[in-house]
Amino acid sequence: MTHLSVEMLAADATEPITSAGHAQLGIAVLAGIAVIVLLITKFKLHAFLSLIVGSLVLGAVAGAPLDKAITSFTTGLGTTVAGTGVLIALGAVLGRLLADSGGADQIVDTILAKAGRRAMPWAMVLIAGIVGLPIFFEVGIVLLIPVVLLVARRGNFSLMRIGIPALAGLSVMHGLIPPHPGPLAAIDAVGANLGVTLALGVVVAVPTAIIAGPVFSRYAARWVDVRPPEQLVPARGSDDLELRPGFGITVATVLLPVVMMLAKALVDIVVDDPAAGVQRAFDVIGSPLIALLTAVIVAMFTLGRAAGFTRGRIATTVEKSLGPIAGVVLIVGAGGGFKQTLVDAGVGRMILDLSKGWHVSALLLAWLIAVAIRLATGSATVATISAAGLVAPLAAEMSTTHAALLVLAIGAGSLFFSHVNDAGFWLVKEYFGLSVGQTLKTWSVMETLISVVGIVCVLLLSLIL
């Protein structure tokens, strides 16, 4: 059997891989992913540690010297953390300021006050979309669950009629829209344009959230007709605040980084001259780091100070926001290390070689790979990062728009059928007081709908862009 090493492949990336080499690399990929899945699901090992072990197994089975496999992993980890770690941290700070200042509750209360009974599911998906833009899925659930339970109880709604739209809005944002960790890592791995990905992500997210949210909730409410459990309604943190930021300024603060990044994408399309002063200025203004940093600084005043926070209180809020996301950053970083091990071992080029004779769209292939890893590991982030590493070479000859669509295809695949190996599954089950069967019929089907509708929208866009 031909022995492949990171060093050898890096030295001559154009040398064709033999059939024996393909077989060895294929076995290496399966072994690496199987180890990760087994450690996460069977032995309950943290994903960070599982990804490290899986990367080393992948390198060893591929025939790479252990020191080279370690170098590949650490290089990928460092590059990924440098590219996305700071952005994840800034997003966490913005989300914590939004929650602690009462800004999230202000958005919720204002929209609900203006929504009629028939419009309530649509209001919930809108709220989830806005609130879920800068914050992680789990945080969004914690913020919105009290509102979902309260609205369902006061309006005498089935819990699924109100809860499914909220969950759909949060999940779509988590899987498709930067600055969430998965999309950011995929953009970095594939080399896609963040602004274009964000713009197309919104185009895909809107119909996806509508179909999986308000539309599907009609059927989910018939399949599982449950009422909100009285004992699960927690108190809202902002109820103790004397002041809260206004609705308009809160929404403007949340959307500020999105507007800045979209402005850069628009200028890139209109000007298309890297040497032009306007484009260079917007390259800085619309960079994810500057956009999110600006939003965080603005939020300290528009949200923190508006809620009556002292400088010390704002500093404490910022400090508290960083601790909980340490694990997320490490998992994303380790996923980047696993991705780099895949790339350096030649797995990406192997997939490129093998797929040349296939009549399968690269976008559909990326979606299928992400689906397989999602079903096995239960982690949308792990699925996104691993799939992005595998299909990254396919983006080399793609246009800017199709590279962005590749990221969205991966993101859609990473959400497919959440089940018992996904922490989000149990979070929804416990908060809504559902049985395992009821959770599968509602939450799991909703996630599958998001994934399928998402890839359909991506494929349709690929035909016209």
Side-chain angles (χ1 to χ4, degrees), residues 79-101 103-104 107 129-140 143 170 173-189 192-202 205 245 249-268 281-306 314-315 317-326 328-333 336 381 384 404 407 411:
T79 302
T80 303
V81 171
T84 64
V86 176
L87 304 183
I88 293 171
L90 289 172
V93 173
L94 181 59
R96 189 62 180 255
L97 285 168
L98 179 67
D100 287 3
S101 68
I107 292 174
I130 296 175
V131 172
L133 191 60
I135 59 181
F136 298 131
F137 177 79
E138 291 81 1
V139 179
L143 282 174
L170 288 174
M173 290 291 145
H174 173 71
L176 301 179
I177 307 296
H180 289 278
L184 278 178
I187 288 168
D188 182 61
N193 181 286
L194 191 144
V196 174
T197 306
L198 178 58
L200 293 177
V202 172
I249 195 65
T250 302
V251 172
T253 303
V254 171
L255 296 181
L256 177 60
V258 178
V259 172
M260 292 174 69
M261 288 187 278
L262 288 179
K264 174 191 177 302
L266 182 62
V267 170
D268 286 346
F282 273 89
D283 283 344
V284 175
I285 294 172
S287 68
L289 176 63
I290 297 300
L292 280 168
L293 179 61
T294 301
V296 167
I297 293 173
V298 169
M300 290 179 181
F301 295 94
T302 59
L303 302 180
R305 299 295 287 179
I314 292 175
T317 298
V318 171
E319 183 179 351
K320 287 182 178 179
S321 70
L322 297 176
I325 56 102
V328 175
V329 173
L330 288 174
I331 291 171
V332 171
T381 302
T384 299
V407 171

Participant: OG of Ser321 to CG of Asp100: how many Å apart, nearest 0.5 Å?
Facilitator: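 Between Ser321 OG and Asp100 CG, I get 9.0 Å after rounding to 0.5 Å.
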Participant: For the atom pair CG (Asp188) and OG1 (Thr79), what is the distance rounded to the nearest 0.5 Å?
Facilitator: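 Reported to 0.5 Å precision, the distance equals 7.5 Å.
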Participant: Testing the basics here: between Leu90 and Val296, what is the closest heavy-atom pair and its distance to 0.1 Å?
Facilitator: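 Of all heavy-atom pairs spanning Leu90 and Val296, the closest is O-CG2, 3.5 Å.
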Participant: Atom CZ in Phe301, atom CD1 in Ile314: separation rounded to 0.5 Å?
Facilitator: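 It comes to 7.0 Å.
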Participant: Looking at Ala192 and Thr197, what are the two nearest heavy atoms and their distance?
Facilitator: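 Taking Ala192 first and Thr197 second, the nearest heavy atoms are CB-OG1, 3.8 Å.
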Participant: Search all heavy atoms of Ile249 against all heavy atoms of Thr253 and return the closest pair with its distance.
Facilitator: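 Minimum heavy-atom contact is O-OG1, 2.7 Å.
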Participant: Kindly compute the distance separating CG (Leu184) from CD1 (Ile177), expressed to the nearest 0.5 Å.
Facilitator: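 Reported value, rounded in 0.5 Å steps: 11.0 Å.
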Participant: To the nearest 0.5 angstrom, please state how far the CD1 atom of Ile297 sits from the CG atom of Leu94.
Facilitator: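 CG of Leu94 is found 11.5 Å from CD1 of Ile297.
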Participant: Starting from the C-alpha separation in whole Å, work towards a yes-or-no answer on side chain to side chain contact (heavy atoms under 4.5 Å, CB included) for Thr302 and Thr250.
Facilitator: CA-CA 7 Å; Thr302 59; Thr250 302; over 6 Å; no
Participant: Once you round to the nearest 0.5 Å, how far does OG1 of Thr384 lie from NE2 of His174?
Facilitator: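 The OG1 atom of Thr384 sits 7.0 Å away from the NE2 atom of His174.
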Participant: Identify the heavy atoms of Pro178 and Leu198 that sit nearest to each other, and give their distance.
Facilitator: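 The answer is O-CD1, 3.8 Å.
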Participant: Would you name the heavy atoms of Leu200 and Ala404 that are closest together and state the gap between them?
Facilitator: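 In this case the closest contact between Leu200 and Ala404 is CD1-CB, 3.9 Å.
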Participant: Closest approach of Val81 and Gly333, non-hydrogen atoms and distance?
Facilitator: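 Val81 and Gly333 have their closest heavy atoms at CG2-CA, 3.8 Å.
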Participant: Quick one: are Ile130 and Leu255 in side-chain contact, heavy atoms under 4.5 Å?
Facilitator: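 In short, these two side chains do not touch, never coming nearer than 4.5 Å.
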